[in-house]
Amino acid sequence: MTITSPHLASPSAAWTDARLLYALEEVVETELNRHLKVAKDWMPHEYVPFSDARNFPGIFEDGEAWDKEQSKVTEIGRIALVVNLLTEDNLPSYHHEIATLFGRDGAWGTWVHRWTAEEGRHGIVMRDYLLASRAVDPDKLEAFRMAHMSEGFESDNRHSMLHSVAYVAFQELATRISHRNTGHQSGDPVCDRMLARIATDENLHMVFYRNLLKAAFQLAPDLTMQAVRDVVVNFRMPGHGMPGFERAAAQMAIGEVYNLRIHHDDVLQPVLRHLKVLEIDDLGPEGLRAQEELGLFMGGLDAEAAKFDEKLAARKARLAARAAG
């Protein structure tokens with residue numbers, strides 16, 4: 001991708017959010033058109049086993065109370081599905097964040113609304129699946145939703161459009177991986193197919209933002225490198241504020257839905273490698289410092305992931321020995 005802009009000769013220190021938004025508008029339009037050509041519309045109701053559904057207690061006399069034995073979904077699948085759905089539930093807050101940062105006009109605005117509409121499908125299909133298949137306690141799910149949404153959402157990167165673009169380039173891939181692994185671990189082929197469909201959308205969203213980040217590197221390499229450094233070092237999933245997130249995240253790590261190794265190998269590395277972030281050489285002092293710090297952090301994260309791998313392997317060995325005995 002080649003960007004022809006009079007801003008290219010400007011020092012990176014002169015870039016503001018407004019100037020970057022203007023300079024990237026053409027790239028956003030190109031990526032939006034590409035996205036619309038490859039994205040496929042799909043119907044959420046086609047992925048939901050409505051024939052398995054029955055009434056819950058309430059206004060229906062034949063309502064049947066929820067019990068976990070009613071669903072074929074595994075325990076780790078149930079935990080991850082709740083985390084993933086509660087994350088999707090905060091879509092109104094996410095829309096507010098990106099609409100405020102990117103605006104509602106032109107190609108940026110068209111993308112903001114299209115992204116929101118596509119993400120809305122994910123929450124619809126996941127909730128319908130969970131209720132129809134009785135995979136989770138509906139009362140607790142609604143209580144969690146109310147608590148989580150009542151807290152609202154404030155992005156760690158709301159101060160900077162460039163930081164926000166860098167964040168979503170990684171976060172969309174992280175969400176794709178989390179959905180895909182949840183499907184694999186769910187124990188239900190219907191759930192697996194549904195989450196595979198969602199993961200396909202998330203991958204396209206990642207490509208959009210990754211290509212936008214590539215363009216930002218061409219425009220303002222020093223600032224973009226600093227933004228990527230900041231985002232990678234301080235990365236948190238958007239659902240970190242939901243009730244019980246820390247415990248659920250620990251269970252998902254052990255269950256191999258999302259953990260340090262997955263985060264390093266399947267989320268951070270692919271984006272950094274595709275953009276050749278650690279190989280960029282046209283940087284000033286601040287950009288070089290950020291690049292070095294990013295490389296050191298990735299090395300440290302890999303070492304931490306190796307320790308986690310050892311603990312996980314030892315846990316599996318203990319469980320296998322206990323089962324054999």
Side-chain angles (χ1 to χ4, degrees), residues 1-3 5 7-8 10-21 23-24 27-28 31 94 97-98 101-102 108 111 115 154-178 202-203 205-238 240 258 260-305:
M1 182 186 303
T2 301
I3 301 174
S5 168
H7 298 294
L8 275 173
S10 301
S12 61
W15 285 106
T16 63
D17 274 6
R19 291 185 66 206
L20 280 167
L21 283 167
L24 289 170
V27 182
V28 172
E31 289 303 312
Y94 308 149
E97 289 271 347
I98 66 171
L101 281 165
F102 300 155
W108 280 105
W111 167 254
W115 175 88
E154 287 191 346
S155 169
D156 295 333
N157 303 288
R158 62 189 180 278
H159 64 287
S160 160
M161 184 278 288
L162 194 53
H163 279 71
S164 296
V165 169
Y167 175 74
V168 288
F170 294 103
Q171 181 266 320
E172 293 283 4
L173 182 52
T175 304
R176 168 202 157 192
I177 296 297
S178 180
E202 302 290 8
N203 193 63
H205 297 165
M206 178 275 294
V207 172
F208 178 95
Y209 286 117
R210 187 187 64 190
N211 291 348
L212 201 55
L213 189 60
K214 179 180 179 180
F217 265 116
Q218 293 183 18
L219 285 169
D222 284 352
L223 286 181
T224 305
M225 185 65 72
Q226 292 172 71
V228 169
R229 183 266 322 270
D230 294 345
V231 163
V232 169
V233 170
N234 301 298
F235 186 88
R236 295 195 297 175
M237 290 294 274
H240 60 81
Y258 201 95
L260 280 179
R261 175 53 63 199
I262 292 169
H263 182 61
H264 178 277
D265 290 1
D266 299 336
V267 176
L268 299 182
Q269 282 283 33
V271 175
L272 295 175
R273 187 165 50 243
H274 180 86
L275 298 179
K276 299 181 179 179
V277 172
L278 297 179
E279 300 171 28
I280 294 174
D281 56 11
D282 57 340
L283 298 168
E286 291 300 317
L288 282 172
R289 183 178 299 109
Q291 188 181 51
E292 292 171 1
E293 291 174 354
L294 178 61
L296 288 171
F297 176 82
M298 290 299 294
L301 184 64
D302 188 37
E304 287 184 45

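Heavy atoms only: backbone and side chains are in, while hydrogens, waters and symmetry mates are out.
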*Apply side-chain contact (heavy atoms from CB on, under 4.5 Å) to V168 and H205, showing your working.*
CA-CA 9 Å; V168 288; H205 297 165; over 6 Å; no
Reported [atom1]-to-[atom2] distance for the pair [X] and [Y], which is rounded to 0.5 angstrom:
X: T175; Y: N203; atom1: OG1; atom2: CG; result: 11.5 Å
X: Y209; Y: W115; atom1: OH; atom2: CH2; result: 6.0 Å
X: K214; Y: L219; atom1: NZ; atom2: CG; result: 13.0 Å
X: L283; Y: M225; atom1: CG; atom2: CE; result: 4.5 Å
X: R19; Y: L24; atom1: CZ; atom2: CG; result: 11.5 Å

Measure from the side-chain N and O atoms of [X] to the backbone N and O of [Y], and report whether any donor-acceptor pair falls under 3.5 Å.
X: D17; Y: M161; answer: yes
X: T224; Y: A220; answer: yes
X: Q291; Y: G287; answer: no
X: W111; Y: V28; answer: no
X: R210; Y: V271; answer: no

Write down the atom of [X], the atom of [Y], and the distance for their closest heavy-atom approach.
X: I177; Y: D266; value: CG1-O, 4.0 Å
X: S160; Y: L101; value: C-CD2, 4.2 Å
X: G284; Y: D222; value: N-OD1, 2.8 Å

*Got a sec, which pairs hit ring pair (Phe, Tyr, Trp, His ring centres under 6.0 Å) with one end in residues 214-237, sequence neighbours left out?*
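Of all non-adjacent pairs touching residues 214-237, those that pass ring pair (Phe, Tyr, Trp, His ring centres under 6.0 Å) are Y167-F235, F235-H263.
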*Using a 4.5 Å cut-off on heavy atoms from C-beta on, say whether the side chain of V231 contacts that of Q171.*
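Contact flag for Q171/V231 side chains = no.
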_Less than 4.5 Å apart, side chain to side chain, heavy atoms only: is that true for N234 and D156?_
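N234 does not reach D156 side chain to side chain.
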*asked:* Could you go through V228 and L294, starting from their C-alpha distance and side-chain angles, then the distance that decides it, and tell me whether this counts as side-chain contact (heavy atoms from CB on, under 4.5 Å)?
replied: CA-CA 8 Å; V228 169; L294 178 61; 4.0 Å; yes
*Could you list the residues that satisfy salt bridge (charged side-chain N to carboxylate O under 4.0 Å, His left out) with R261, not counting sequence neighbours?*
D265, D302, D309
*For E293 and V233, what are the C-alpha separation, side-chain angles and deciding distance, and is it a side-chain contact (heavy atoms from CB on, under 4.5 Å)?*
CA-CA 9 Å; E293 291 174 354; V233 170; over 6 Å; no
_Under 4.0 Å between a side-chain nitrogen and a carboxylate oxygen: does that hold for R289 and E286?_
yes
